[in-house]
Enquirer: 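What follows is a structure written as structure tokens; I'll ask about it next.
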Amino acid sequence: MRDRILVFLSERGTLADPEAVDFLLEQQDPLAMADLLLQSFRDPPLVITLEDILHAGMIARAAAERAPPAPAMETARSPPPRPAPPPPPVAPAAFRGSGTCAADVSEDIKILKDITGRSTCEGTIDDFSRYFRHRFQTLSRLLRSRPELAGALDVYKAKRLTRETRIIGIVKDVRTTKNGHRILELEDETDSVSVLVPSDSGLGADTIVDDEVVGVGGFCNDRGLFIAKSINHPDIPVSKAFPRTAERVRVAFMSDVHVGSRTFLADRWAKFRAWACNGDEVGRSLRYLVLSGDVVDGIGVYPRQDEELVLDDIYVQYEAFAAMLGELPDHLKVILLPGNHDAVRPAEPQPALPSAIQKLFDSNVLFVGNPCTLSLHGVRILAYHGRSLDDFVSSLPGMTYAKPLEAMREMLRKRHLAPMYGGKTPIAPEAEDHLIIDAVPDIFVTGHVHAAAIGEHRGVILANSSTWQSQTSYQKMHNIEPMPARLPVVDLHTGEAILKAF
Ligand SMILES: [Fe+2]
Ligand SMILES: [Fe+2]
């Protein structure tokens, strides 16, 4: 064990004197202890001494005594394939949890996928067929890589065989017969076929929607009907581990602020601002704020909206929001994508807000499109405003606005943010389908439905980022109860997700 500790430390650019190593060896888990010890140094010394270890312990104890009581918050799972180290005997508080002061950590943002500046579509028939071809080819490639669908045949060939085969296609229609069977019209680039999903096949609970790409195992009967015995979605094949960052900083997710509306909750925002500026350990470690759309209420988004506005000029709404962001700490980097209330084309993927609006904001706001995939210190985040949640809720029994994570799990299973074309989500037929979830994110966040939730799907952290608006008359009419002023926060070092209430 002594050698393992020395190797562990030397791989991280430091050494320890014999007394320090003896001390580590006496601990229950010497390597975990060494790891925690290293994290407590901003700049680890060349040789760690016993004095360094004891000093770190004293700092930790002092910090623990100074720390205010923990605020009320809900804690969700973190995807925990990597178990948290046991609490060390010397320095529990600072070692265990605390985030670094975010102001001390350099910014590390990479935009991995964003339509901004890359839109080419004109909405022609050719655009549409190219768009769907790209969707089919990308997702069928993903499905074909799965063992269950190895050797999948073209629909044209499978229709001419009576033995068991596998096919991959895009669902052009799905309907339920009066006997409870489902019929899918499945199409690939060679042909189309009607697929019968028998009600007693055990596939009854499987969620299938129009325009998603699925793999089906089964056989063709003598009437040309393909009888399904199995259905595969692209999904995330194996549960993934969270990529723990070296930096101990956190990211918060917010959306649907709806500045300009009468129902904007200024008092709850003030509480958030106070916490972000002078709050607890979580607040101090907050380095990034991802804003997933509907930051203002907009103008003319729905009939008679003007009756519900206190600011009826779109520029004044954005100016007010820019001023609100300007009151947050300078080191809090804001990443802002649009939603359906924002001043940009409604068809998805939406580009970033126009420069006339961007220039109203400070330079610490980064404007991106919707959806956007970005990396923060190597943690991959998929942020999507979430308009398609409307389509999931209206077309699938059991889906509700109050439980958006169910629909988000379906998006990951289908590897598509808005599979249903022609519903409430306007989609621009770009040359590539930007709504495909090609790379698996570590964190997937949506807004739009004014709910608040955290959870996970196969190791991906899920969050729906609440709202800062109370119930609107539209929501009252439709019996939608919002869950305002909640803030999902994820620790990029541990993957722990919490939902903080204001
Ligand atoms: Fe909204
Ligand atoms: Fe929205």
Side-chain angles (χ1 to χ4, degrees), residues 253-266 268-269 272 289-306 308-311 314 317-318 320-321 324 335-353 357 367-372 382-394 399-405 407-408 411 417-418 420 423-428 435 444-453 463-488:
F253 298 97
M254 182 184 276
S255 67
D256 300 272
V257 189
H258 288 276
V259 172
S261 159
R262 272 181 209 291
T263 45
F264 165 64
L265 293 163
R268 312 286 281 275
W269 179 273
F272 159 71
L289 176 64
V290 175
L291 277 160
S292 300
D294 284 5
V295 295
V296 299
D297 207 51
I299 305 286
V301 181
Y302 57 89
R304 300 174 65 186
Q305 186 188 13
D306 52 326
E308 305 204 12
L309 293 175
V310 282
L311 304 175
I314 190 80
Q317 291 181 4
Y318 281 109
F321 185 55
M324 286 158 56
I335 297 133
L336 192 158
L337 49 141
N340 57 306
H341 280 248
D342 285 289
V344 71
R345 81 171 186 194
E348 296 177 3
Q350 296 177 283
L353 290 171
I357 286 170
F367 293 87
V368 296
N370 168 45
C372 179
L382 171 58
Y384 172 51
H385 177 60
R387 186 78 203 263
S388 70
L389 291 167
D390 289 333
D391 290 316
F392 278 96
V393 170
S394 60
M399 297 273 168
T400 66
Y401 283 112
K403 292 186 173 171
L405 300 190
M408 291 172 71
M411 292 180 203
L417 294 169
M420 290 159 267
K424 291 178 181 166
T425 314
I427 294 176
L435 301 170
F444 173 30
V445 60
T446 62
H448 185 61
V449 293
H450 298 205
N464 185 267
S465 50
S466 183
T467 177
W468 296 78
Q469 182 183 39
S470 60
Q471 193 181 42
T472 63
S473 52
Y474 175 87
Q475 290 166 337
K476 201 167 189 172
M477 220 160 59
H478 291 83
N479 215 10
I480 298 169
E481 198 65 55
M483 204 173 169
R486 309 294 208 279
L487 190 72

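Counting starts at 1 for both ligands and their atoms, following the listed order. Keep in mind that this is a model prediction, so the values were computed, not measured.
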Enquirer: According to side-chain contact (heavy atoms from CB on, under 4.5 Å), who are the partners of A320, at least two apart in sequence or on a separate chain?
Expert: V259, L311
Enquirer: If the condition is salt bridge (charged side-chain N to carboxylate O under 4.0 Å, His left out), which residues does D390 pass it with, not counting sequence neighbours?
Expert: R387
Enquirer: Near the Fe ion (ligand 2), which protein N/O/S atoms fall under 2.8 Å?
Expert: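 Correct list: D294 OD2, N340 OD1, H385 NE2, H448 ND1.
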Enquirer: Check H450, H341, H448 against D256 for a side chain to side chain donor-acceptor pair (under 3.5 Å) and give me the one that passes.
Expert: H450
Enquirer: About how many Å separate CG of D294 and CG of D342, when rounded to the nearest 0.5 Å?
Expert: 6.0 Å
Enquirer: I'd like the atom name of the N/O/S atom in H450 lying closest to the Fe ion (ligand 1).
Expert: NE2
Enquirer: Using salt bridge (charged side-chain N to carboxylate O under 4.0 Å, His left out) as the criterion, list what pairs up with R262, not counting sequence neighbours.
Expert: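 Salt bridge (charged side-chain N to carboxylate O under 4.0 Å, His left out) check on R262 returns nothing, list empty.
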Enquirer: Hey, is CG on D306 packed in by over 12 heavy atoms from elsewhere, all under 6.0 Å?
Expert: yes
